[in-house]
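I have placed the structure first, in the form of structure tokens, so that the comments after it can refer back to it.
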Amino acid sequence: MTGAAAGVENAAPPGDVALRLVEVVKEFRTGGTPVRAVDRLSLEVPRGQFLALVGRSGSGKSTLLHLVAGLEPPSAGEIWLDGVELGRLSDDRRTRLRRERIGMIYQFFNLLPTLTVAENVALPALLAGESEARARARAEPLLAEVELLERRDARPHTLSGGEMQRAAIARALVFGPALVMADEPTGNLDSRAADQVLALLRGLAQRHEATVLLVTHSREAADRADRVVELRDGRVVADRSGAA
Ligand code: ADP
Ligand code: MG
């Protein structure tokens, strides 16, 4: 613990760090023996970085994203997001932080089928308490940026996979999040759509000054990142600059 604390003291000033994990552990107890999905993991992500998280299936990537999103508490350790430690927040404040400061993108899009594309994109702003007019006004430029203005009134099931993921990217960014997390967002797309989605995510995150954690199996996706962090058994086993 003292080692980690010293490391944090020597680290970049808090304003430049979007995310800081200190000796984070996550254990699941289902049967007899606990599974350590994340094992004393420390990581510091500077603001605006586009970080690819790689590692084979079961290495703890999704668990890590869930912890950072505050969807699950860590078994030990600290998770600092935007200068606040998640474990010190009430459930309400943690939920608000997730809604207002984090955008999530999933492999299977998670768009709501009964809402139109525009309504899906506007939803995070509505959930955060904005008026419909304001939420719509926020969604509009994002729809344009992901080139879905013409599909704005369509239902998600009528879109291609690439279009659905572009809608999900717009939704993730609509409220100006500090952090965008994407869990294998191209896993269900053909290579052309995947390429387009990654380029959009990269460009939009840059323009909106969001930090990105991208979980990916794709070599090309990792190559677009500023930094590639590899997990194995819940630990960081490699941390290198990306090709971007
Ligand atoms: P990845 O996303 O890299 O494939 P995961 O984070 O999903 O890996 O899983 C890491 C480890 O934690 C695996 O051994 C997995 O079986 C286990 N695990 C993940 N979620 C749970 C859970 N809710 N309950 C029990 N074990 C889990
Ligand atoms: Mg996973």
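For ligands, and for the atoms within them, numbers begin at 1 and follow the listed sequence. Just so you know, residue 1 is the first one in the sequence shown, and it goes up from there.
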Query raised in the report: So, is the end of the R99 side chain (NZ or CZ) under 6.0 Å from the ring centre of F175 and within 45° of the ring's axis?
Result: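 No, a cation-pi geometry is absent between R99 and F175.
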Query raised in the report: salt bridge (Lys or Arg N to Asp or Glu O under 4.0 Å) with R155: which residues, sequence neighbours excluded?
Result: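 For R155 there are no salt bridge (Lys or Arg N to Asp or Glu O under 4.0 Å) partners, ignoring immediate neighbours.
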Report task. Taking atom CD of E72 as the centre, report whether more than 12 heavy atoms of other residues, nucleotides or ligands fall under 6.0 Å from it. Result ->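 Yes, CD of E72 has more than 12 neighbouring heavy atoms, counting only those of other groups under 6.0 Å.
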Query - Salt-bridge contact R232-E230 (side-chain N to carboxylate O under 4.0 Å) - result: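 E230 and R232: salt-bridged.
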Query - Hydrophobic cluster of V228, others only, ordered by chain and residue number, side-chain cut-off 4.5 Å - result: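 Reading the cluster by chain and number, V228 sits alongside V54.
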Query raised in the report: Nearest 0.5 Å, what's the CD-CG distance between E78 and L86?
Result: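 Between atom CD of E78 and atom CG of L86 there are 10.5 Å.
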Report task. Any chance you could measure D39, atom CG, to S75, atom OG, to the nearest 0.5 Å? Result ->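 Atom-to-atom, D39:CG and S75:OG are 10.5 Å apart.
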**Report entry** Under 2.8 Å from the Mg ion (ligand 2), the protein N, O or S atoms, given as residue and atom
**Finding:**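 Metal shell, protein only: S62 OG.
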Query raised in the report: So, S42 side chain and E23 main chain: donor-acceptor pair closer than 3.5 Å or not?
Result: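 Side chain of S42 to backbone of E23, a donor-acceptor pair under 3.5 Å: yes, one is there.
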Requested in this report: Report all protein residues having a heavy-atom distance below 4.0 Å to some atom of ligand 1; order the list by chain, then number.
Outcome: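 If the criterion is a heavy atom under 4.0 Å, then ligand 1 touches F28, T30, V35, A37, R56, S57, G58, S59, G60, K61, S62, T63.
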Report task. Go through the side-chain N and O atoms of S62 and D183 and say whether any donor and acceptor fall under 3.5 Å apart. Result ->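 The criterion, which ignores hydrogens and geometry beyond distance, is satisfied for D183 and S62.
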